[in-house]
Colleague: 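Sharing a structure below in structure tokens format, with a few things to ask.
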Amino acid sequence: MEKIILGLGMVLVIEGLVFALAPSRLEEALELLRRIPAETRRLIGLAAITLGTGLVWLAQSLWG
């Protein structure tokens, strides 16, 4: 449970930095995302899940 809370906290820190430091760039990124077809966005999301899962597994294997 500790690692889940740590992970969520890190996500919030990174997301907060984007909103705080580059709000206009965030709007540009959202507009770009609107132009990408839904199926492509879905594939990007699945790739991110796969990469994230792999990184968590690697971290657990090396330092867990």
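Excluded from the calculations below are hydrogen atoms, water molecules and symmetry mates; all remaining heavy atoms, backbone and side chain alike, are included.
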Colleague: What is the minimum heavy-atom distance between R41 and R34, and which atoms define it?
Modeller: NH1-O, 4.0 Å
Colleague: Going from CG on L6 to CD on E2, what distance comes out if it is rounded to the nearest 0.5 angstrom?
Modeller: 7.0 Å
Colleague: Is the backbone N or O of I36 less than 3.5 Å from a side-chain atom of T40, with the two atoms forming a donor-acceptor pair by type?
Modeller: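 Judged by distance alone, no pair lies under 3.5 Å.
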Colleague: How far does CG of L33 sit from CD of E31, to the nearest 0.5 angstrom?
Modeller: 9.5 Å
Colleague: Please round to the nearest 0.5 Å and tell me the distance separating atom CD of E15 and atom CG of L17.
Modeller: 9.5 Å
Colleague: Quick one: pull up CH2 in W63 and CG in L58 and give me the separation to the nearest 0.5 Å.
Modeller: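 Taking CH2 in W63 and CG in L58, the distance rounds to 6.0 Å.
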Colleague: I need the R25 CZ to L30 CG distance, nearest 0.5 Å.
Modeller: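 R25 atom CZ to L30 atom CG measures 12.0 Å (nearest 0.5 Å).
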Colleague: What is the distance from atom CG of L46 to atom CG of L51, rounded to the nearest 0.5 Å?
Modeller: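 The CG atom of L46 sits 12.5 Å away from the CG atom of L51.
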